[in-house]
Structure formats: structure tokens, C-alpha cells
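Every chain is numbered from 1 and lettered A, B, ... according to where its sequence line falls, protein lines coming before strand lines.
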There are 2 protein chains.
Amino acid sequence: MAERPASRQGSKTRTRILEASQQLFNERGPADVTTAEIAAAVAINEGNLYYHFQRKEQIIEALFEEFESNLHRVAAAYLAYSDDPRRYAEYLAGWFNLMWEWRFLYRDGASIRRLSPSLRTRVKALSDTGHDQVRRAVNGMKSADLIRATPEEIERLVVNAWIIATYWIDYLRSRRGIARITREHIDWGASQVMSLFIPYLTPAGMTLLSMRST
Amino acid sequence: MAERPASRQGSKTRTRILEASQQLFNERGPADVTTAEIAAAVAINEGNLYYHFQRKEQIIEALFEEFESNLHRVAAAYLAYSDDPRRYAEYLAGWFNLMWEWRFLYRDGASIRRLSPSLRTRVKALSDTGHDQVRRAVNGMKSADLIRATPEEIERLVVNAWIIATYWIDYLRSRRGIARITREHIDWGASQVMSLFIPYLTPAGMTLLSMRST
DNA sequence: GTCTATAATGAGATAGAC
DNA sequence: GTCTATCTCATTATAGAC
């Protein structure tokens, strides 16, 4: 849950605005956090905040861009594992970690669309990319003979895995009443996604899965 | 997609307010619909609207109550099927229909919590009931020897089925960019949920499933 | 029960001095 | 870059006549 390294560009104040916004948004959602609150959290004046971001939606867009690049970084790291079959579990874990750090993006989709309609197409594009990545991972598992499934079954699996993962945080919060999400909740979500694949595992896949849980 | 029968209690104006609100909320979400718009849609004055509902959140709460009773009605109808194994598919279909008629409740969870914090506990309670119903249905399928699964597998299935169903509408809208949701999209969602159970089907279960698809 | 005002609020945003 | 002061505006909500 460590906050990002020195990867935010621009002035120091701008960086602090983004960090404070991310935290406040994660706590209560962009619609429920006013520009005045953000300014107070950064200990600057509201007028100053509007020097750096002329509109509130520009803060959201800047945060979304950062999330986007983080997601691509996770996907790239997964590829770096080359042929090690553990990479699938690592990829899933990396994905869930990001969802936690940027949970307001997963939880407040409706109000984000309202505040920043321009993000609509980018959210969809990112989701398409995500589907592709999951599909590639599942096909990779098939090629490595970890699972056995028809193309139709794989497509169902991709969509189901994507939905479970994407809405897991919101599910815990709104349907389970879990306010403070911990590492265990994240792991639970990952294993919930994994459970989709269990019926399709080959003996080799089963061995790998039981190794991991030790 | 037919609007509900004469089941709304109270005055005629009150009923019309609820109907107009439901439609507007489904289109654009409660946070994006002003009381002025609702009054205009009903062709009454805004002051009059505030005679029937002193706060905007009371409209949301009244609509939620109606949704609640509809959901219980669907569950009761499913029980009326007694032992016919087709009831599981019918139950699923009834559930998806409700999710379509009340899609704003599924789509705008965050802004609804903001506008009406008092609904939080009731949403959670309703979701608990929903889990129970799904669990009972899955256990019923097991007793009828339609599926074979361990208790742990069943619990995974219940959670996954619930998440896929609950977030299906939002998934189509926000991640697939589907603006106008049709009957086909609803059926797609239902079959996506069904796909979770396919690996666990017994021969009897498979026969039933293939009969249904004709 | 319904209407015509109009008050009260609180948020996003800007101008211009320092 | 930062601040103070102010503006605009949408929205909820109320008072009181009909």
C-alpha cells in the first residue's frame, strides 16, 4: 500500500494536490470531496488549487492517467516473468493491489462519469485492454497445459474473471459492509477469481496451485 | 419492461412522482436528476412535489422499498414452482428482469449512498437475503442431483454468481459502452451466470440445460 | 392538494493584488 | 505561485396564498 515513488511530474504543489486527492477520493469518492477540502488537506488556498487545476475534473483526469500507466506497468512486469508459470498468480496479485490503491475509480464509476464525461471512452479502452490481457493470460495457461478449455469456455472465463476482479472492492464495501479493506480481503478476491479456473485445471495446474498456497 | 401494476400505494400524484423518478433515475442517475426536472416530468409544481416528499432522498427510499418487495415477490414465485427443476432458470430470469427495471439502484450505488445514507444498512440486508436465496437455490440443485460440488465450492459459486449478476448491467454500460440494454443483453448476463455452474453439472443437469436452450 | 414565490445553501470557479 | 475576495449558479427547501 506504499504510495507511488517519485513518478508524478510537475511542481511539488501539484504532486501534493494529486496525492491528497487520491487519498480523499479513496475515502469518500470524488463527488463527496470538495475542492475546498482538497485545498485544506494540502494546506494551500483554494485559489492556489485552481491555479494548478482549472477544473475539478482535471484532477480526476490526472489521477486516471497515473492509474493507467501503473496498470501498464503491472502488465509489463508480468511479461518479464517470461515462462515461469507463477507469473499468472503474480499478475493477478499486482492487479488487485492497484485496484486497492485506486479503489475510488472502481467504486465511483457513475459519479466519475458525471464529473468527467471525457473519461468515458478512456475507461472503455482501458477495459478492452484489460480483457485482452486476461485473455492472453488464460490462453497462456492453456498453452502451458495448466488448464484445458474450449475457446467458448475461455471467453466466458475471461468475462467472469474480469467482472469478479473489477467489482470485488465495491462488493466488499457495499454488499458486505466491510469498511476497512485489508490485505486479507485482497487475497480473498484473488482466490475468488482463481476459483473460476479450478474446474478447468489439468493435473499440472493443480500441482502449481497447491504449491502456491504453502 | 412493462411498468408495474397498480401496486403503488398513496395518492395519484405521489404515484406519478415515483414513476417519473424511476424512469429519470434509470436514464441518468439520482444525482443527475434535479427535483425541478421530476416536477416538470410530472407536470406539477416543485412546491407540490415537496408536499409529497419533503426530501429528495425520500423518493429514493420509497423506490427502494418498492424494489425490495418486487425482489421478494420474485423469490416467492420461484418457490411456487415447487420441484420443477426449471425453476432455477426462471428464478435467474426474474432476478435479471428486476435488475433491468431498477438498474439505477445497481448502477449508482455510490451516489445513492451519498444522497441517502440511511439505505446503507438496508442494501446490505437485502444483499444478505440475496446470498441466502442463491445459496438455497444452489443447494437445491445439489439435492436434485443437478450439480455436484463440495460446500466450499458451493460458497465460491454463490459469491461469484451474486457478483456477476449484480454488476452485469453496470459492466455492460461502463466497460462495454453499451448504452441501450436489450433483452439479449439480459439473457447474455443470465447465461454468463449459468456458465459458472456448467463444470459442476451432473449428466441430469446437462440434459436439463440443453433442453432449456431449445 | 396544489400553486407562486423566494429563501438558504453550498459548490465550482475567477479576478486581481502580493 | 500563492493569496483574498468575490461571483455565479444549481439545487434543495420553505412560507403562505389559493
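Between Lys56(A) atom NZ and dT14(C) atom P the separation is 15 Å, expressed in whole Å. Atom pair Phe53(B):CZ and dG1(C):C1' shows a separation of 14 Å (rounding to whole Å applied). Between Arg14(B) atom CZ and dT2(C) atom P the separation is 13 Å, expressed in whole Å. When rounded to the nearest whole Å, the span between CZ of Arg16(B) and C1' of dG1(C) equals 13 Å. If you measure from atom CG of Asn45(A) to atom P of dA17(C), you get 16 Å, rounded to the nearest angstrom. In this entry the distance linking CG of Leu115(A) with P of dA11(C) reads 13 Å, nearest Å. As rounded to whole Å, 10 Å separates atom P of dG12(C) from atom CZ of Arg114(A). Note: CD (Gln58(B)) to P (dT14(D)) measures 10 Å, nearest angstrom.
Because its NZ or CZ atom is both nearer than 6.0 Å to the ring centre of Tyr167(B) and within 45° of the ring axis, Arg175(A) counts as a cation-pi partner of that residue.
Taking each heavy atom of Ala165(B) and Trp95(B) in turn, the nearest pair found is CB-CH2, 3.6 Å.
Note on Glu46(B): a base of the nucleic acid sits closer than 4.0 angstrom, heavy atoms only.
Put simply, Tyr50(B) has a side-chain N or O that comes within less than 4.0 Å of OP1 or OP2 on dA13(D). Dashed line: the shortest gap from a side-chain N or O of Thr13(B) to OP1 or OP2 of dT2(C) is under 4.0 Å. At dG1(D), one or more side-chain N or O atoms of Tyr51(A) fall inside 4.0 Å of OP1 or OP2 (strictly under the cut-off). An OP1 or OP2 oxygen of dC3(D) is reached within less than 4.0 angstrom by a side-chain nitrogen or oxygen of Asn48(A). Within the structure, every side-chain polar atom (N or O) of Thr34(A) is placed at least 4.0 Å from both OP1 and OP2 of dA11(C). Applying the 4.0 Å criterion to OP1 and OP2 of dT12(D), one finds that Thr35(B) has a side-chain N or O inside that range.
With dG1(C), dT2(C), dT4(D) as the candidates, the nucleotide lying closest to the side chain of His52(B) is dT2(C). If you check dG1(D), dT14(D), dC3(C) against the side chain of Arg55(B), the one that comes closest is dT14(D).
A ring-centre distance under 6.0 Å is found for Tyr171(A) and His131(B).
Remark: the Arg120(B) side chain and the Ser174(A) side chain contain no N/O donor-acceptor pair separated by less than 3.5 Å. Judged purely by distance below 3.5 Å, without hydrogens or angles, the side chains of Arg136(B) and Asn139(B) never pair a donor atom with an acceptor atom.
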